[in-house]
Amino acid sequence: MDKFSVFSSRLVEKSENFTSGHRACQGCAEALAVRHVMKALGRDTIVAMSTGCMEIISSPLPLTSWRVPWIHNAFENSAAVISGCESGIKAMMRKGKIPAKKINFVAMGGDGATADIGMGALSGALERGHDMVYICYDNEAYMNTGIQRSSSTPYGASTTTSPAGKASIGQHTQKKNMAQIAVAHNIPYVATACSSFPFDLMEKVKSAAETPGAAYVHVLSVCPTGWRIPTQDAIKYGRLAVDSCVFPLYEVIEGKYRLSYKPYKKLALTEYLKGQGRFRHLTDKEIQLIQQRVDKDYERILRLSEEEE
Amino acid sequence: MDKFSVFSSRLVEKSENFTSGHRACQGCAEALAVRHVMKALGRDTIVAMSTGCMEIISSPLPLTSWRVPWIHNAFENSAAVISGCESGIKAMMRKGKIPAKKINFVAMGGDGATADIGMGALSGALERGHDMVYICYDNEAYMNTGIQRSSSTPYGASTTTSPAGKASIGQHTQKKNMAQIAVAHNIPYVATACSSFPFDLMEKVKSAAETPGAAYVHVLSVCPTGWRIPTQDAIKYGRLAVDSCVFPLYEVIEGKYRLSYKPYKKLALTEYLKGQGRFRHLTDKEIQLIQQRVDKDYERILRLSEEEE
Amino acid sequence: MAKPMEKITWQELEAGSVVTEIGNAREYETGSWRSERPVVEASQCIKCGVCWLFCPDACIVRASDGHFEADLTYCKGCGICAKECPVGCITMIAEEG
Amino acid sequence: MAKPMEKITWQELEAGSVVTEIGNAREYETGSWRSERPVVEASQCIKCGVCWLFCPDACIVRASDGHFEADLTYCKGCGICAKECPVGCITMIAEEG
Amino acid sequence: MARQRKGIEVSIAMADAVAQANVDVIAAYPITPQTHIVEHLSEIVANGELDAEYVPVESEHSAMSVCCGSSAVGARTFTSTSSQGLALMAEIFYIAASMRLPMVMALANRSLSGPLSIWNDHTDTMMVRDAGWIHVFVENGQESYDNVFCGFRISEDPSVMLPLAVNLDGFILTHMIEPVIYEDNETIRKYLPEVRMKNALHPDNPVSMGCFAMPEIYTEAQMGREQGLLDAYPAVVKAWKEWGDLTGRYYRPVETYRTEDAEYCIVTMGSYGETAMEVVDALREEGEKVGVVKIRLWRPFPFEDFRSAVEGKKSLIVVDRAISFGGPGGPVALELRSALYGRPNAPAIVNYVAGLAGRDVARSDFRKIILEGKAKASKGETEGFTLYGLRG
Amino acid sequence: MARQRKGIEVSIAMADAVAQANVDVIAAYPITPQTHIVEHLSEIVANGELDAEYVPVESEHSAMSVCCGSSAVGARTFTSTSSQGLALMAEIFYIAASMRLPMVMALANRSLSGPLSIWNDHTDTMMVRDAGWIHVFVENGQESYDNVFCGFRISEDPSVMLPLAVNLDGFILTHMIEPVIYEDNETIRKYLPEVRMKNALHPDNPVSMGCFAMPEIYTEAQMGREQGLLDAYPAVVKAWKEWGDLTGRYYRPVETYRTEDAEYCIVTMGSYGETAMEVVDALREEGEKVGVVKIRLWRPFPFEDFRSAVEGKKSLIVVDRAISFGGPGGPVALELRSALYGRPNAPAIVNYVAGLAGRDVARSDFRKIILEGKAKASKGETEGFTLYGLRG
Amino acid sequence: MLEIRLHGRGGQGAVTSAELIAIAAINKGNFAQAFPSFGPERRGAPVVAFCRVDDKKINIRAKVYKPDVVIVLDPGLLSLLDPTEGMGEGGILIINTKKKPQEVAIAPGRSIKVVTVDANTIATEELGRPIVNTTMLGGFIRATGLIGIDDIKEPLLERFGKKLGERNLKAMERAYQEVSIGE
Amino acid sequence: MLEIRLHGRGGQGAVTSAELIAIAAINKGNFAQAFPSFGPERRGAPVVAFCRVDDKKINIRAKVYKPDVVIVLDPGLLSLLDPTEGMGEGGILIINTKKKPQEVAIAPGRSIKVVTVDANTIATEELGRPIVNTTMLGGFIRATGLIGIDDIKEPLLERFGKKLGERNLKAMERAYQEVSIGE
Ligand SMILES: Cc1ncc(C[n+]2csc(CCOP(=O)(O)OP(=O)(O)O)c2C)c(N)n1
Ligand SMILES: Cc1ncc(C[n+]2csc(CCOP(=O)(O)OP(=O)(O)O)c2C)c(N)n1
Ligand code: SF4
Ligand code: SF4
Ligand code: SF4
Ligand code: SF4
């Protein structure tokens, strides 16, 4: 449990803009992340959401878990849909067709929607520089359709389309680094976050929303179903990901890196991997190799953050 | 004219795998880049090409300028098509259906095909790590359809869809940095090149082809029609782009930067801008601002290259 | 109250099937999913709200005396609150069949 | 020789309109596009091949004596060779109407 | 803008109409032959002559997605595409209709790959004929200009709320300079007032759009879409009638030319209509009892108008500009046969597929099609279709 | 693999068939309800049981693009998709046919958005009915398994060279565990030999593929595509005949059940066929002279088979699983009407659209459709269509 | 034809139970179907699966509306739904519960055979976790006699592999023995 | 109806010439069309544009196959194509060339009026570049009388803006004066 949380829950927005009654799995920390994000954003927000777990579990006609204006159109295009919402409102406000007021334009999608099928739409929206926030809920696979690999699935994870088997270690490509790709788009705000660190997450979402222009927030979202862990451990595994530096928390503001959280003691990767069904098949040697990669990537982030200081 | 070129033409592959009779504009340096690339690649190459100038000018049924196996399928998918060619040949060779031999798998597209509509397919192919080379011919707009802006059009350029006008400077977003985005994909080889520096270009294409896994080469390709310059100046403007550091030539090998060419004397941006019809409307003040940005970006590349040394 | 989907006639849907009753998912009681129930030992609760903060179903509510407890209408029984409670005052109990 | 496109019958096309005669674009003579013609002063040519290297239409050829000249069948008259020739031995001359 | 008659490229006239319609958002991706429309619009916006967001999207898929977002917030939205662009956005094109999002698209019809062709036919629009959009076909520049206004009027009509495509033949119309009468802004404002969409996305009135449907409710949701199209029919007729009352130019779902006493008719859609009329005039002088039936409204399909237009004719020669490969031939002939199926004395239907990918269909070709078609009909050779002008 | 009868999920049976067919490349993107097919294939490859490249593409657009590349080099290529996936790849789906690239797709039919639905109907496949693919519909697990082999055989036939889709109803078939007879590998090798594509891309035999076509030549290029489909018809019949001779299981383009003396028929496509037969049996016992006509080959459309199957019937009740919004109703009824147009004594055609997005159509529903349809036909109420089971 | 409906929760493997019954029947030479209820339900949510067994080819492609046998994998579901819905006279209801058959409340006047298995206990003891989908098959086999324990062995071992399969088999056999059959 | 065909090269603005004629005619109250030959040709390639003028609505949507007037913007094209193709008796051929009409070789026995303009020289002098599309209109106006110089003024100024427009006008007027009309 992260150190800030104990006594500061009372500072958190009480109202729920993403309501109970949604049909996420028991213990879904992706739904939790949505809940946190919506607290940070508040009511003056328009959300465009990609097809995926969060969409399906929140909107079975005629019911909706959303209390803010919400639109789902397709799987790969929420970045483009929100571009349209933003452009439309901007034009209408400028022309006096509707009263001016600050509205957060937020697109959301899973890692598949973001790093794979929606990459084109996202890249285009970032480049055009709409005043928007894109939030990727990264549960490291296509969960909605039954745990298929995405380009954000980590090396070595077994999924239904990258199964571990006699001739395969499971996923055999490295996790695509979406935050880094977003940074390469030269947008003013990029951050990584995790719902196991809710205050940090909420602060980042607020910063993103306040940044004029395009912002990108990459949220590691633990999926007990897909990761094959007990439901009650969803928060724990988010913490382990961060504390073992598999998923460092940082911000990149106008190209400058800032580490948001440095683990008191960097945990060994095994802490994180063990207990997750998707990694069960990995040998110690394989874990060793992965550890090297994690170290290297973390050092890079450390170096970049220090450079900026 | 770059310093190596005078006496070493004789070292260059003589045969033309991209033949005369193509219908590119007079003085098209994009066609010249294709010619250079095909010299570097040689006959054991399969090319998948996106829709665009180079496709249209080289393949009016029943004629073709290609002497290597060549496929055009659509505008946005040459990275995916070549993924299929590579996978198919790889599988068939492994299974002994066809004899084993080294073949270069090369996808090519314009900047629109690459940085805009084909971004998703490219990102996917890079991530999957096919043994392929992707070559972007960047003439900084959609030329085939009549000089519309792309995300690779530089700030301030007037195109038919980002026209300079009373309420607009022309293109008002910054040029998307595709090489940097490719680097963020953690592929083993990324380079920038220009057909005004043909030896450098050919070396890079060869290196890219020899690199196992996915490689990306970004080729600045001067288009006299779209840039509104005299046809005979096509080579000159490529040189100016490089010498004014608007378009630095570099390689990134396994994440390490290497500057390939450092101008003897960095030229002022005006050298490059003046004479180009697309920039004619820019005021001195605007040029000043652009110069600052160019300087900053160039310094970044310099710094990154030095770090690695 | 939204009409149950299997009763709605086509004329009753808004154009484009837009849903105008926001947040009406609360009519769907996910408590039925639960096989275990969190039980809070109120006397030990330090009222920190951690359980509230981490419940994916937003179904921890504050009782009038300030301590927190699960709203069983929605609680799916994931056990996160029990696991995360810093003082360990929540226990998961099997639902009776 | 490829048949001109306006003569080809559908039966004469390969399945999928695949073209099997590679490089046959050379049948299309882009020399007709030219309004100016590069003329090489052979005696001054230092045979460096720069014109050859930079011709977008691959239509600079080497004469038997080693100097370079334009193949007017394809030369579109862009003037690059003239501009890039390090010794300036190529001149562009207007084609006569 | 005052009322005036101009010599103008049709694409520019359409762009000017879009500006007069005071749209809020234009999102489009360039593709030949649609380019001139969006280029001129960018220019108008760049010059500050239209206060709108021009969103230079990275693909047509995103063009339609941006339009969905923009329409969903209630902004007046325009887009334009052709061919591959339409194919690439096909998924979202369907969704736009199902979500009942008003917008107008100038669909500069062009052949679908492959082989790649930039020239005109109707294969692109035919690919999405089931999607639930309203489809209007125009014949000339004036109709292109006019139907931008009528298009918004119909599309945004609260009883309709559906996207609408103005289909115009690529190059043949888009790149044609010809006379067009511009209406003044007053007239346009009167004809096309601002409407605030009932369920537009806005924090002041939050709604959820695009919820998913279980089997228990999907059929009902689809009936809404179908009914939207059925309701569109009277709205279209009304919008055209009012436009005619204002401008003197009237449009009808099915238009006929010299059909009253005709024994047989040629049926066309799009810019071929004018040439067909011209040829029919000539044939009439030779004593042929022939007329022209022009389908202007393709979706919702005007069954009754069509049936009454061809009532009592001996035969119809339907000129399609698309094929359903391995199927029954051209989509228009297919639907017309279905519409007349089982009717007593239904006319014989002969189907030509002509002018694929911009192959010129000149007056002499029409003449040949009409006379040959008539002969086929009388010989009972009505099955399948003829690919007109095929070599080999 | 020895010949055996297994209880197996249909998706897995199909995946096993793909492995038995020894494909070289599988490129697919997951989408419900196609997922189990590709998941099982990844597993087979991961276990080293099939030597193939499984390309985990980032979208369906790229799935089809990869398949085009792979087929172009002459590799045996398989893919699978559904619904939105098909819509997203639509552009390339058309191109695959025009480039004459053999491959087999398992098209797990599912409704098209919006609203989003993961359940079964035929709106997805109908979107691409003009594209030039061969389309086969299957009714059960055995047919799904068998038609993978027949599919490759037909698709790769040098006289055909066209991609082929095996359409199977999503969930209803894909997620069904039922008995399937597996053939042994010997039989498969015999039936489905390796073929080396004539113009496959390779440096040893360079060719150019996908050149663009000017108006002067486009029509001719398209005729090749059309002719490919016409030539596919005999190839399909032959491939099915030979499969039958090997396995005892024969397929035909149009299949009939108790139609000989039937006065009217129900027409279905896909997995409804079996229930229809069951209900027809029951109705027969009550004295109804009713039969079933099942369309198995949808493209190339088997005109003659269909016509002779319904010759002399009084009426046909066509059950469609898709709508062309604002148009004539279901696409199957549309084409059947066109196919019988103008024939003497053509049957009355009544059109139902049923089972959209997975709404169950049980035996009682079929019974109702048949009897109600018959009554409508006899009253001459044959226009338009009925959205079966609609509330309101 | 015998029609079976199974009630469970997302993640509990109701479809696997249906599948194993169907495969066993098919292996015996019968015809059978097994299929899920095709919903977007998630882990924890009440779900339904179906199975049909017959000695001739089955031509139905709809859900089971009138089950002959109903299996309830999760006792908690009994308070949420009526497991006997659509069931005719003489139906068999097999429930995972500690209760005895006579303690299970059934609408009065219906002649339904109630069978109970304390599957949670058995599964927890044999498999270490209360995953009861295979255990409950023991109850099913005993109550219906439709297939034998031996028939299900092979599919079960194929499905779970030898090690895990044998433990599941053990649980199933125990359930077969320990079942309580009412009426 | 008068049908006109223009031959030029990609980038030379043949369509603009056609356009200006059409607009001038339309502004006079006539009907007209102007359109390119719709090709993928590039800068330098021979291209064609068309124009039709009539006093009633024009209903043709095909290329011009039988031109009454042909304008050749680039003298180099004469050696590549027959500008009189499809032209009937009495046609007018207007060529940019230094030559006199009688020096232009026409198939013997055809009664075609040849008109020549040294547009390169005029344009280079007036506009600084040999862009002859507007200059050649002077020849066209003089040779056909279809429209007057005044009719084209407004569209020309609108097209090119005042400054550049006036220079183009000047070039056109000079061509009008300096044209050589054959036969
Ligand atoms: C074009 C298209 N392809 C595939 C699908 C099927 N599909 C829906 S959601 C989904 C996966 C979502 O994964 P992700 O974006 O990672 O979100 P998650 O469900 O994991 O939260 C897929 C493959 C679709 N709806 N549309
Ligand atoms: C899906 C789709 N959209 C649009 C087009 C039209 N189109 C063809 S090429 C092209 C521009 C090409 O630009 P670029 O990739 O930069 O290459 P260039 O022509 O400049 O070399 C466009 C917009 C198309 N063919 N397909
Ligand atoms: S599958 Fe994973 S992400 Fe999806 S609802 Fe379940 S726990 Fe959440
Ligand atoms: S438009 Fe530019 S890139 Fe295209 S052929 Fe012409 S010069 Fe080359
Ligand atoms: S068990 Fe889970 S769902 Fe229930 S209150 Fe606790 S955290 Fe919330
Ligand atoms: S986490 Fe524990 S101590 Fe804190 S409020 Fe909840 S129940 Fe009380």
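Chain identifiers are assigned alphabetically (A, B, ...) following the order of the sequence lines, protein sequences preceding nucleic acid strands; residue numbering begins at 1 within each chain.
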Do you know the tightest heavy-atom contact between H:A62 and E:V361? CB-O, 4.4 Å
Can you list every donor-acceptor pair under 3.5 Å that links chain E to chain H?
{"from": "E:R5", "atom 1": "NH1", "to": "H:I26", "atom 2": "O", "distance (Å)": "2.6"}
{"from": "E:R5", "atom 1": "NH1", "to": "H:N30", "atom 2": "O", "distance (Å)": "3.4"}
{"from": "E:R5", "atom 1": "NH2", "to": "H:N30", "atom 2": "O", "distance (Å)": "2.5"}
{"from": "E:W119", "atom 1": "NE1", "to": "H:F38", "atom 2": "O", "distance (Å)": "2.4"}
{"from": "E:E139", "atom 1": "O", "to": "H:R61", "atom 2": "NH2", "distance (Å)": "3.3"}
{"from": "E:I177", "atom 1": "N", "to": "H:A34", "atom 2": "O", "distance (Å)": "2.8"}
{"from": "E:I177", "atom 1": "O", "to": "H:A34", "atom 2": "N", "distance (Å)": "3.0"}
{"from": "E:E178", "atom 1": "OE1", "to": "H:R61", "atom 2": "NH1", "distance (Å)": "2.9"}
{"from": "E:E178", "atom 1": "OE1", "to": "H:R61", "atom 2": "NH2", "distance (Å)": "3.2"}
{"from": "E:E274", "atom 1": "OE1", "to": "H:R61", "atom 2": "NE", "distance (Å)": "3.2"}
{"from": "E:E274", "atom 1": "OE1", "to": "H:R61", "atom 2": "NH2", "distance (Å)": "3.0"}
{"from": "E:E274", "atom 1": "OE2", "to": "H:K57", "atom 2": "NZ", "distance (Å)": "2.7"}
{"from": "E:T275", "atom 1": "N", "to": "H:N59", "atom 2": "O", "distance (Å)": "3.3"}
{"from": "E:T275", "atom 1": "OG1", "to": "H:N59", "atom 2": "O", "distance (Å)": "3.2"}
{"from": "E:D360", "atom 1": "OD2", "to": "H:K63", "atom 2": "N", "distance (Å)": "2.9"}
{"from": "E:D360", "atom 1": "OD2", "to": "H:Y65", "atom 2": "OH", "distance (Å)": "2.6"}

Under a 4.5 Å heavy-atom cutoff, which of E:P179, E:G170, E:G358, E:A362 has the most pairs with chain H? E:P179
Under 4.5 Å from a heavy atom of chain E, the part of H:A32 involved: backbone
Partner chain E: residue of H:A18, H:A25, H:G29 with the largest heavy-atom pair count (under 4.5 Å): H:G29
